[in-house]
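Given the structure is predicted, the values throughout are model-derived calculations rather than measurements. In each ligand, atom 1 is the first atom listed, and ligand 1 is the first ligand listed.
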Amino acid sequence: MALLSIVLPSYNEEQNIANTVQVLSQLLQQEQIDYELIFVSDGSRDGTYQEILKAAEQDTRVKGIEFSRNFGKEASIFAGLQLASGDAAVVMDCDLQHPPSVIPRMWDLWNAGYEVVEGIKTSRGRESFLHKCFAGVFYKIMSGLMKMDMNASSDYKLLDRKVVDVLLNLPEKNTFFRALTFWAGFKTVSVEYEVQERVYGESKWSFFSLMRYAVTNVTSFSTLPLQLVTVLGIVSILFSLVLAVQTLVKYITGTAVEGFTTVILLILIIGGSIMLSLGIIGHYIARIYEEVKGRPRYIISQMTDNVHGKEARGR
Ligand code: UDP
Ligand code: MG
């Protein structure tokens with residue numbers, strides 16, 4: 001019988017673990033799906049890992065690891081996929097904001113031969129106005145870059161073993177899981193779901209962390225900002241030609257002392273764009289530097305005894 005691995009990144013989610021285990025186990029048993037639950041505690045500072053241990057003692061289908069510190073959701077997802085030994089894997093939030101009731105539908109589609117089942121949000125749930133605007137702009141840019149509609153995409157998806165292996169074999173360390181499955185291709189279908197309210201605990205995202213997430217993800221998928229630097233350069237050269245002619249004409253006609261305002265403005269504009277461009281280039285250099293160092297994406301400090309999959313084989 002085929003095995004379904006469910007990967008659940010968890011950061012400071014002690015209140016959610018027991019409930020999530022219970023809800024998922026009940027649903028999957030009822031649907032007669034053979035499963036394993038893989039919790040990845042992302043360096044939680046509360047009792048998340050203890051809760052995972054407790055659940056794992058009661059049921060060997062529950063597995064878990066703990067990171068040595070917080071490495072971020074991307075790292076947790078990839079660690080979970082690394083541990084997964086299933087023929088298919090579902091990635092979902094452990095706060096049940098991704099409704100488990102969608103899993104049987106994803107499973108059926110997988111059985112029908114689809115290799116990627118994308119969870120698509122029908123509503124964004126309750127978010128602040130600022131958050132909505134920001135997410136809107138971010139997904140517009142991402143959709144443009146990916147040439148696919150990313151607006152409603154989420155991290156909630158089912159992946160076939162083949163796709164999991166493709167993702168795990170990617171050499172880069174800075175990843176954007178949500179877009180990578182689009183990039184990878186394969187036979188894809190989507191299912192819609194409605195984002196649920198969080199019952200316990202609170203969201204881990206601040207405006208600042210979202211901002212960083214957006215910049216990192218855009219630059220990891222595109223070199224367009226670098227080309228913008230070139231465009232900026234061309235525009236200033238054209239502009240400078242016009243001004244050069246004007247300045248020369250003034251010099252020849254003997255009215256050259258004026259134009260101090262122009263000088264100030266030019267210094268400001270050009271200085272600003274040079275610094276901005278350097279910043280953009282610097283950002284890419286930083287990314288190259290990070291990748292070149294080749295540090296692991298995450299460090300595991302503890303794991304439950306029942307862990308199999310690629311990760312355990314390496315030990
Ligand atoms: N998460 C994680 N590492 C982090 C931040 C979040 O593994 O550094 C997990 C978190 O435990 C949850 C999921 O990612 O299962 C989504 O996080 P959250 O619910 O805070 O985000 P939101 O649903 O508000 O977008
Ligand atoms: Mg959530």
The Mg ion (ligand 2) contact by Asp93, N, O or S atom under 2.8 Å: no

Side-chain (Gln82) to main-chain (Leu168) donor-acceptor, under 3.5 angstrom: no

Between Ser154 and Tyr193: side-chain donor-acceptor atoms closer than 3.5 Å: yes

Polar contact flag, side-chain donor to acceptor under 3.5 angstrom, Ser41-Glu66: yes

Exam field: side chain Asp93 to backbone Asp95, donor-acceptor pair closer than 3.5 Å: no

Atoms of ligand 1 close to Asn70 [distance to a heavy atom under 4.0 angstrom, numbered from 1]: 4 (C), 8 (O)

Shortest protein contact, atom 1 (N) of ligand 1 (heavy atom only): Tyr11 CB, 3.8 Å

Residue Asp93 vicinity, atoms of ligand 1 by number, heavy atom under 4.0 Å: 13 (C), 15 (O), 16 (C), 23 (O)

Ligand 1-proximal atoms of Pro9, by part, heavy-atom distance under 4.0 Å: both

Pairing of Glu36 and Lys63 as salt bridge, 4.0 angstrom limit: yes

Where ligand 1 meets Asp95 - atom numbers and elements under 4.0 angstrom, heavy-atom basis: 19 (O), 23 (O)

Residue, atom name and distance, where the atom is the protein heavy atom closest to atom 24 (O) of ligand 1: Ser203 OG, 2.6 Å

Stepwise side-chain hydrogen bond (donor to acceptor under 3.5 Å, both in side chains) test for Thr48 and Glu13: CA-CA 6 Å; Thr48 302; Glu13 304 275 11; over 6 Å; no

Interfacing atoms of ligand 1 (cut-off 4.0 Å, heavy-atom, Gly72): 3 (N), 8 (O)

Region of Val40 engaging ligand 1 - heavy atom pairs below 4.0 Å: neither

Contact summary for Thr181 and Glu118, nearest pair of heavy atoms: OG1-OE2, 2.8 Å

Short N-O contact, Asp155 and Arg178, less than 4.0 angstrom: yes

Arg297 side-chain N/O to Glu172 backbone N/O, donor-acceptor pair under 3.5 Å: yes

Atom 6 (C) of ligand 1 [closest protein heavy-atom partner, distance rounded to 0.1 Å]: Lys204 CG, 3.8 Å

Thr122 side chain to Glu192 side chain, donor-acceptor N/O pair below 3.5 angstrom: no

Asp42: numbered ligand 1 atoms lying under 4.0 Å from its heavy atoms: 2 (C), 3 (N), 4 (C), 7 (O), 8 (O)

Atom indices of ligand 1, in the order listed, that fall short of 4.0 Å to a heavy atom of Glu13: 10 (C), 11 (O), 12 (C), 15 (O)

Side chain, backbone, both or neither: Gln97 near ligand 1, heavy atoms under 4.0 Å: side chain

Residue and atom name of the nearest protein heavy atom (relative to atom 25 (O) of ligand 1), distance in Å to one decimal: Trp205 CD1, 3.5 Å

N/O/S atom name from Asp95 that is nearest to the position of the Mg ion (ligand 2): OD2

Contacting atoms of ligand 1, where contact means under 4.0 angstrom from a heavy atom of Cys94: 15 (O)

Atom 14 (O) of ligand 1 [closest protein heavy-atom partner, distance rounded to 0.1 Å]: Lys73 CD, 3.2 Å

Verdict with reasoning, Tyr156 to Val90, per side chain to side chain contact (heavy atoms under 4.5 Å, CB included): CA-CA 7 Å; Tyr156 191 15; Val90 165; 3.8 Å; yes

For atom 18 (P) of ligand 1, closest protein heavy-atom neighbour: Arg198 NH2, 3.5 Å

